[in-house]
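The structure appears below as structure tokens.
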Amino acid sequence: MGWRKLGDDGQDLCRSIDYLLGGVQTLKSSIQSGRRLDGEGEMKVDPKKLWCSGLHRDHTGDSSHPTVEDAKIALRQMKDAKSLLSSISKSLDDAIQTVTDDTFDDCRATGLSLLPDDVLTDIFEMYIELSVGDEELLHSTLLSPYILASVCRRFRQIVFDRSDLWKHVFLHFPETRLLALKDRCANPIVHVGADCKISQWESDKFAFVHLCQQWRELRLAYANGNVGHLYFERLKSLIQTPLESLECLSIANGIKKDEDGDHATRSSIYLDGDGLRTLSSWQMPNLIDLELRNVIPMASMQCGNVSSFSLHINDRRKETLNMATFQNLLQSMPKLQSLSVSLNVSARFDTSSDTRIALPDLRSLDLQIIGSTSSSTVRRLMGLLKTEELTRLVLIFHEDQNSDKYLFLGWVYALVPSNSGPRHDNRFARFKKVEDFLVDIQFTAYEEFPFDDLFRALPNVQNVSMTLSEPEHAVLFMNQTGRSSGLLQRLRSLRMKLPRAHPDDFADGMRDFEIFLGDRRCGEHELFQLELRLSCEVEPLKARLYDIIGEKLRWIET
């Protein structure tokens with residue numbers, strides 16, 4: 001009798017099943033008696049007794065010996081049993097996958113059902129906000145609350161009980177929808193002109209929208225300055241002030257083509273004429289958040305209580321930037337606490353006066369410089385601001401095809417002049433009270449970065465977050481700030497994000513890491529976070545850093 005594969009004969013299959021059941025029963029008895037499969041010595045289950053007990057020699061004096069034929073039979077049984085186990089294992093895998101597929105949606109719904117109402121509400125609000133913020137998903141804003149309400153009874157109850165889930169009101173909504181929203185949310189966010197052309201403007205829709213005195217936020221968007229003037233002309237008779245509930249105002253000029261297909265060459269980022277008079281007439285006593293995109297009013301606005309202001313200018317035309325207008329705009333917000341400015345411009349400020357503005361409450365500055373924006377433009381802008389009282393600073397430098405390393409260095413020295421004072425005299429530091437500093441450098445056309453000059457202007461910084469496009473700049477940072485005395489003496493946490501970095505990039509720079517961390521007195525550190533791209537070769541670097549930093553190391557792979 002030779003070896004053979006398990007056939008399709010029913011009797012053979014039944015015998016193999018009986019053989020497996022007998023072995024499993026023996027295993028169960030052994031485990032019940034205290035033995036284990038993973039045990040050692042006498043406590044370990046004997047596999048020979050388990051699967052081929054007939055070949056086991058008894059030590060009681062029995063002189064019979066198993067024959068070669070007995071061994072062949074035992075081997076055949078075990079091989080047939082193993083083949084059968086493989087088939088059973090595959091069948092079990094198929095069953096697991098089938099049940100998983102059949103119950104996936106139910107399990108996911110069950111998981112959501114375990115979340116408390118307030119957490120589900122937060123998730124729903126994020127879903128709706130994502131729809132509003134994405135032009136491709138904007139159409140779904142019409143239906144998103146209804147989609148959520150159609151899932152189940154509990155979702156429907158949450159959606160209809162939370163007024164904020166119905167807060168977005170678009171002028172192009174059907175009249176029935178506008179009327180329904182008046183009952184569901186008393187203080188809405190009103191969107192005007194977000195995705196409709198001026199020729200499709202339906203000003204009579206305002207009769208179905210909440211009274212303007214109830215609006216918590218107004219988001220006005222138009223294709224270009226010419227269209228913007230038409231929008232303000234129609235809003236003049238529709239919006240009655242004071243806008244007592246208005247807390248946030250956003251105005252965006254897309255600088256796109258006119259409806260006849262011609263570029264808006266005569267359009268300007270500056271709002272003047274009747275449009276300016278309309279905007280200037282709006283009384284907004286409780287406005288705290290103002291955002292302007294490619295829009296600069298030529299006269300002051302009634303927004304004396306604004307605490308957060310964002311200005312984004314993305315205009316590659318050669319229209320001169322009016323310094324006096326920008327000064328007047330900032331001066332109309334004496335209670336400003338947070339200022340964010342993003343510049344991607346080809347033009348420069350004119351030669352009008354640039355006296356420093358008194359903003360006694362300003363504590364946070366976000367500055368984003370992009371493209372071919374000149375260093376003189378950055379310098380004139382910074383000349384308006386008193387930065388000595390800032391406690392938070394964000395700098396973002398992004399290149400484009402027109403950028404070069406000299407332009408980039410010009411931006412840096414427009415912010416932190418290297419000759420502003422004695423080398424280690426903090427009295428001359430431009431940002432001497434900044435504790436939280438974030439810098440994002442997406443710029444490859446430069447060979448080195450003056451980190452020492454930058455951090456000399458930040459003598460009291462405690463928390464630093466850095467996003468660097470080139471990994472060698474991280475080593476350069478460690479080298480400069482680790483060996484230059486007097487820098488980063490109060491550092492508590494450092495976060496470094498290096499999206500292009502590979503562990504090999506640090507092979508030659510680990511000594512600089514060690515020197516830097518040693519100079520920084522690691523015992524006073526609270527956190528050192530390093531974010532690299534995913535790699536299978538990170539363990540040696542991670543282990544070495546862990547030896548230096550210990551539990552304060554936070555490692556992230558993306």
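Computed from heavy atoms alone, side chains included, the values below leave out hydrogens, waters and symmetry copies.
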Legend entry - Side-chain heavy atoms of Ile123 within contact of Tyr127, under 4.5 Å: no
Inset, instruction - Report yes if the side chains of Lys386 and Ile357 come closer than 4.5 Å at any heavy-atom pair, otherwise no. - result: no
Inset, instruction - Find out whether Arg184 and Val159 are in side-chain contact, i.e. whether some heavy atom of one side chain is under 4.5 Å from a heavy atom of the other. - result: no
Legend entry - Thr377 side chain near Leu343 side chain, heavy-atom distance below 4.5 Å: yes
Inset, instruction - Check for a donor-acceptor pair, side chain of Thr278 on one end and backbone N or O of Asp274 on the other, with a separation under 3.5 Å. - result: yes
Inset, instruction - Can you measure from CG (Leu246) to CG (Leu287) and round to the nearest 0.5 angstrom? - result: 5.5 Å
Legend entry - Short side-chain to backbone donor-acceptor contact, Asn187 and Gln214, under 3.5 Å: yes
Inset, instruction - Could you please spell out the steps behind the side chain to side chain contact (heavy atoms under 4.5 Å, CB included) verdict for Ile556 and Leu530? - result: CA-CA 6 Å; Ile556 299 176; Leu530 186 61; over 6 Å; no
Legend entry - Inter-residue atom distance Leu365.CG - Leu385.CG, 0.5 Å rounding: 6.5 Å
Inset, instruction - Just jot down the side chain to side chain donor-acceptor pair (under 3.5 Å) partners of Asn305, sequence neighbours excluded, or say none. - result: Lys335
Inset, instruction - Show your reasoning for whether salt bridge (charged side-chain N to carboxylate O under 4.0 Å, His left out) applies to Asp272 and Arg277. - result: CA-CA 7 Å; Asp272 55 11; Arg277 282 187 282 274; over 6 Å; no
Inset, instruction - Quick one: closest heavy-atom pair of Leu359 and Pro334, and the distance? - result: CD2-CA, 4.4 Å
Legend entry - Derivation and outcome, side chain to side chain contact (heavy atoms under 4.5 Å, CB included), residues Met496 and Val464: CA-CA 8 Å; Met496 301 188 73; Val464 177; over 6 Å; no
Inset, instruction - Look at the side chain of Arg363 and the backbone N and O of Pro360, then say whether any donor-acceptor pair between them is shorter than 3.5 Å. - result: yes
Inset, instruction - State the CG-CD distance between Leu384 and Gln331, to the nearest 0.5 angstrom. - result: 9.0 Å
Inset, instruction - For Leu85, check side chain to side chain contact (heavy atoms under 4.5 Å, CB included) against everything at least two apart and list the hits. - result: Leu20
Inset, instruction - Report the C-alpha distance between Leu381 and Val341 in whole Å, list the side-chain angles of each, state the deciding distance to 0.1 Å, and finish with yes or no for side chain to side chain contact (heavy atoms under 4.5 Å, CB included). - result: CA-CA 10 Å; Leu381 171 65; Val341 179; 4.0 Å; yes
Legend entry - is_close_aromatic(Phe437, Phe431), centroid dist under 6.0 Å: no
Inset, instruction - Measure the acute angle between the ring planes of Phe477 and Phe455, then classify it against the limits of 30° and 60° as parallel, tilted or perpendicular. - result: tilted
Legend entry - Residues Ile313, Asn344; criterion side chain to side chain contact (heavy atoms under 4.5 Å, CB included); working and verdict: CA-CA 6 Å; Ile313 303 297; Asn344 184 6; over 6 Å; no
Inset, instruction - Give a yes or no on whether the backbone of Leu181 and the side-chain of His210 come within a donor-acceptor separation of less than 3.5 Å. - result: yes
Inset, instruction - Please determine if Glu389 and Lys433 form a salt bridge, counting it only when a charged side-chain N lies under 4.0 Å from a carboxylate O. - result: yes
Inset, instruction - Give a yes or no on whether the backbone of Gln213 and the side-chain of Ser245 come within a donor-acceptor separation of less than 3.5 Å. - result: yes
Legend entry - Considering all heavy atoms, the nearest Thr467-Pro499 contact: CG2-CD, 4.5 Å
Inset, instruction - Would you give the length of the straight line joining atom CG of Asn322 to atom CD1 of Ile269, rounded to the nearest 0.5 angstrom? - result: 9.5 Å
Inset, instruction - Rounded to the nearest 0.5 Å, what's the gap from CG on Leu553 to CG on Leu527? Could you check? - result: 8.5 Å
Inset, instruction - Please check if the side chain of Arg495 supplies one atom and the backbone of Ser465 the other of a donor-acceptor pair under 3.5 Å. - result: no
Legend entry - Trp166 and Tyr146 aromatic centres sub-6.0 Å: yes
Inset, instruction - Determine whether Phe155 and Phe160 make a side-chain contact, defined as any pair of heavy atoms from C-beta on separated by less than 4.5 Å. - result: no
Inset, instruction - May I ask you to check whether Ser364 and Arg392 show a side-chain donor-acceptor distance below 3.5 Å? - result: yes
Inset, instruction - Answer yes or no: is there a side-chain heavy-atom contact under 4.5 Å between Lys167 and Arg216? - result: yes
Legend entry - Salt bridge Asp440-Lys497, side-chain N to carboxylate O under 4.0 Å: no
Inset, instruction - Grab the two heavy atoms, one from Leu329 and one from Ser332, that are nearest each other, plus how far apart they are. - result: O-OG, 2.6 Å
Legend entry - Intermediate values then yes/no, side chain to side chain donor-acceptor pair (under 3.5 Å), Glu129 and His168: CA-CA 9 Å; Glu129 289 300 324; His168 289 283; 2.7 Å; yes
Inset, instruction - Identify the heavy atoms of His312 and Ser310 that sit nearest to each other, and give their distance. - result: NE2-CB, 3.8 Å
Legend entry - Polar side-chain atom of Tyr222 near backbone of His229 as donor-acceptor pair, under 3.5 Å: no
Legend entry - Contact check, side chains of Gln283 and Leu243, non-hydrogen atoms, under 4.5 Å: no
Legend entry - Residues which pass side chain to side chain contact (heavy atoms under 4.5 Å, CB included) with Gln97, listed by chain and number, not counting sequence neighbours: Asp101
Legend entry - Under 3.5 Å donor-acceptor, Ser91 side chain and Ser87 backbone: no
Legend entry - Minimum heavy-atom distance between Ile128 and Pro145, given as atom pair plus value: CD1-CG, 4.2 Å
Inset, instruction - Measure the spacing between CD of Gln302 and CE of Met284 and express it to the nearest 0.5 Å. - result: 7.0 Å
Side chains of residues 288-301: which donor-acceptor pairs under 3.5 Å do they make with residues two or more places apart or in other chains?
unit_1: Glu291; atom_1: OE1; unit_2: Ser250; atom_2: OG; d: 3.4
unit_1: Glu291; atom_1: OE2; unit_2: Arg293; atom_2: NE; d: 3.1
unit_1: Glu291; atom_1: OE2; unit_2: Arg293; atom_2: NH2; d: 3.1
unit_1: Asn294; atom_1: OD1; unit_2: Asn314; atom_2: N; d: 2.7
unit_1: Asn294; atom_1: ND2; unit_2: Asn253; atom_2: O; d: 3.1

Legend entry - Closest non-hydrogen atom pair, Leu367 against Met382: CD2-SD, 4.0 Å
Inset, instruction - Mind checking side chain to side chain contact (heavy atoms under 4.5 Å, CB included) for Asp161 and listing every partner two or more places apart, or none if nothing turns up? - result: Gln157
Inset, instruction - Not counting sequence neighbours, which residues clear side chain to side chain donor-acceptor pair (under 3.5 Å) with Arg554? List them please. - result: Gln529
Inset, instruction - Answer yes or no: is there a side-chain heavy-atom contact under 4.5 Å between Phe397 and Gln368? - result: no
